[in-house]
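Some notes on the structure that comes next.
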Amino acid sequence: MSVDSDLGTKRPGSTPVDYRRTFGWPVHWHNGTLNFVIGAGIGAVAVPRSRAEQVLENLTRQGCRGPALSVPTKHGSVVIFLVEADILGSDAEFLPPDVRVLTAGTSIPMPGTHGAANLARWIVPPDPHQRWLPSLTAVLAAIRSAGRYR
């Protein structure tokens, strides 16, 4: 069993990425698609694609930009920011209505898997040399400080 078919995926033109061993991420295969499952201290925040650029700029300015991926939904594309779940979701009540803190057990399709229906793409790919995730607190602060949300 190869890494590509077991726990990770191949990046175009590079070696396989083993998300579980390299990053400690809870991933599994389901119906031919590699999925990341929220939980165990790892969370995610979904922001509409049209608003995500300002959030990325804020995170970069704060020095805490982490992995982010674009995922199509039936309501349009969203950018999902992977985070360290450092607070309870109660802080999420002060977010814009189109931003969601994803709950434990939510499954996110990973980019680069070989399913025809998989259109997820990395906006900020994970870096094996910088394996930490930004805190949920930092990402929520970046969302709140984004000019479009005021």
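From a predicted model like this one, the values you see are computed outputs, not experimental measurements.
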Could you state the interatomic distance from CD (E84) to SG (C64), rounded to the nearest 0.5 Å?
11.5 Å
Between A120 and P72, which heavy-atom pair has the shortest distance, and what is it?
N-CD, 4.1 Å
Using every non-hydrogen atom in the two residues, find where L136 and A85 come nearest and quote the distance to one decimal.
CB-CA, 4.4 Å
Closest contact, heavy atoms only, A68 versus F81
CB-CD2, 3.9 Å
Answer whether the closest heavy-atom distance between the side chains of P26 and F36 falls below 4.5 Å.
yes
Side chains of N58 and Q62: donor-acceptor distance under 3.5 Å anywhere?
no
Straight-line distance of L102 CG to I42 CD1, nearest 0.5 Å:
13.5 Å
Side chains of L59 and R61, heavy atoms from C-beta outward: is any pair under 4.5 Å?
no
Verify, without hydrogens or angle tests, whether R131 (side chain) and T22 (backbone) share a donor-acceptor contact under 3.5 angstrom.
yes
Shortest non-hydrogen contact from H129 to D127?
N-OD1, 2.8 Å
With heavy-atom distances below 4.5 Å as the criterion, would you say the side chains of V139 and V47 are in contact?
no
Whether T60 side chain and L56 backbone form a donor-acceptor pair below 3.5 Å:
yes
Spatial distance of atom CZ (R49) from atom OG1 (T73) [nearest 0.5 Å]
12.5 Å
Do you know the tightest heavy-atom contact between S145 and A142?
OG-O, 3.3 Å
Mark yes or no for whether N35, through its side chain, and T33, through its backbone, hold a donor-acceptor pair below 3.5 Å.
yes
Take the angle between the ring planes of W122 and Y19 and call it parallel below 30°, perpendicular above 60°, tilted in between.
tilted
Looking only at non-hydrogen atoms, find the nearest pair between I80 and A44 and report the distance.
CG2-CB, 3.6 Å
Test item: L34 and P109 side chains (from C-beta on) under 4.5 Å apart, heavy atoms
no
